[in-house]
Amino acid sequence: MQEKKCGELIKQIYCAMQKNANNELRAEDLTFAQVHLLFTLEQQSAQCCLMKELERKMGVAQSTVAGLVKRCAEKGLVDCHEDEEDRRAKYVHITEKGLTVCADTVEKIHRSEARMIKLLSKEESAELIRLLTKVYTAVSQSD
């Protein structure tokens with residue numbers, strides 16, 4: 001059997017986590033990507049962000065952010081408004097309902113993370129976090 005490469009394993013882990021999250025969120029008519037948008041907005045100091053900035057922070061294309069924002073707005077999770085000085089710029093603000101979704105989702109995230117490391121000892125879990133942090137640092141640095 002061929003040994004799996006690190007990147008392949010990370011991708012498979014991410015896909016499995018995303019699939020599990022989507023299955024859990026389906027009952028609330030939400031997706032992993034929509035919740036990611038809400039958490040990104042929640043973490044901003046004003047809980048508001050320009051669409052262009054959301055693209056950068058989430059690492060996705062403009063069309064993806066536009067679709068996510070549209071669906072979240074239809075559900076009352078975000079509000080959108082144009083910049084008064086530059087009508088091309090659009091602000092997205094998380095609503096109280098969106099903040100409630102974030103609070104309700106935190107427990108699901110904790111359960112998912114616990115499931116992910118349930119076969120590891122405390123020492124192995126700490127080592128995994130240490131190594132993943134090093135890997136992230138390496139891949140996020142520009143040459």
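Remember, predicted model here, so these are calculated numbers, not experimental data.
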Q. Do Met17 and Leu30 sit in the same hydrophobic cluster, where Ile, Leu, Val, Met, Phe, Trp and Tyr count as joined when their side-chain heavy atoms come under 4.5 Å apart?
A. no
Q.
Under 4.0 Å between a side-chain nitrogen and a carboxylate oxygen: does that hold for Glu24 and Arg111?
A. yes
Q | Separation of Leu68 CG from Met58 CE (nearest 0.5 Å) | A | 5.5 Å
**Q.** His81 NE2 to Cys48 SG distance, which is reported to the nearest 0.5 Å
**A.** 5.0 Å
Q | Salt-bridge present (Glu127, Lys122; N to O < 4.0 Å) | A | no
(Q) When you measure from the side chain of Gln12 to the backbone of Leu9, do you find a donor-acceptor pair of N or O atoms at a distance under 3.5 Å? (A) no
Q) Short question: side chain of Thr137, backbone of Thr133 - any donor-acceptor pair under 3.5 Å? A) yes
(Q) I need the Ser125 OG to Arg130 CZ distance, nearest 0.5 Å. (A) 13.0 Å
Q.
One thing to verify: whether Glu8 and Lys11 come together as a salt bridge, which I'm taking to mean a side-chain N less than 4.0 angstrom from a carboxylate O.
A. no
Q | Parallel, tilted or perpendicular: rings of Tyr14 and Phe32 (30°, 60°) | A | perpendicular
Q. Do Gln44 and Lys57 pass the side chain to side chain contact (heavy atoms under 4.5 Å, CB included) test, and can you show the C-alpha distance, the side-chain angles, and the key distance before you say yes or no?
A. CA-CA 11 Å; Gln44 306 312 302; Lys57 288 180 181 296; 3.2 Å; yes
Q. To the nearest 0.5 Å, how far apart are SG in Cys102 and CD in Gln47?
A. 8.5 Å
(Q) Taking the side chain as everything from C-beta on, heavy atoms only, tell me whether Val92 gets closer than 4.5 Å to Cys49. (A) no
Q | Over 12 non-hydrogen atoms of neighbours within 6.0 angstrom of CD in Glu74 | A | yes
Q: Answer yes if the side chains of Lys75 and Gln34 hold a donor-acceptor pair under 3.5 Å, and no otherwise.
A: yes
For residues 36-43, which side-chain N or O atoms pair as donor and acceptor with protein atoms under 3.5 Å away, sequence neighbours left out?
residue: Thr40; atom: OG1; partner: His36; partner atom: O; Å: 2.8

Q) Between Glu113 and Lys118, is any pair of side-chain heavy atoms under 4.5 Å apart? A) no
Q: Report yes if the side chains of Leu128 and Leu132 come closer than 4.5 Å at any heavy-atom pair, otherwise no.
A: yes
(Q) Consider side chain to side chain contact (heavy atoms under 4.5 Å, CB included). Of Thr31, Val101, Val35, which one does Leu25 pass it with? (A) Val35
Q.
Could you go through Val69 and Cys80, starting from their C-alpha distance and side-chain angles, then the distance that decides it, and tell me whether this counts as side chain to side chain contact (heavy atoms under 4.5 Å, CB included)?
A. CA-CA 8 Å; Val69 168; Cys80 302; 3.2 Å; yes
Q) Can you tell me if Ser140 uses its side chain to pair, donor with acceptor, with the backbone of Tyr136 under 3.5 Å? A) yes
Q | Within-4.5 Å side-chain heavy-atom neighbours: Thr95 and Cys72 | A | no
Q. Under 4.5 Å between side-chain heavy atoms, hopping through other hydrophobics if needed: is there a path connecting Ile94 to Tyr91?
A. no
**Q.** CZ-CG distance between Arg115 and Asn20, expressed to the nearest 0.5 angstrom
**A.** 5.5 Å
Q) How many angstroms lie between CG in Leu50 and CZ in Arg88, if you round to the nearest 0.5 Å? A) 12.0 Å
Q: Compare all side-chain heavy atoms of Cys6 with those of Ile10 and state whether any distance is below 4.5 angstrom.
A: yes
(Q) Do Ile109 and Leu99 sit in one hydrophobic cluster, given that two such residues count as connected whenever their side-chain heavy atoms are within less than 4.5 Å of each other, even indirectly? (A) yes
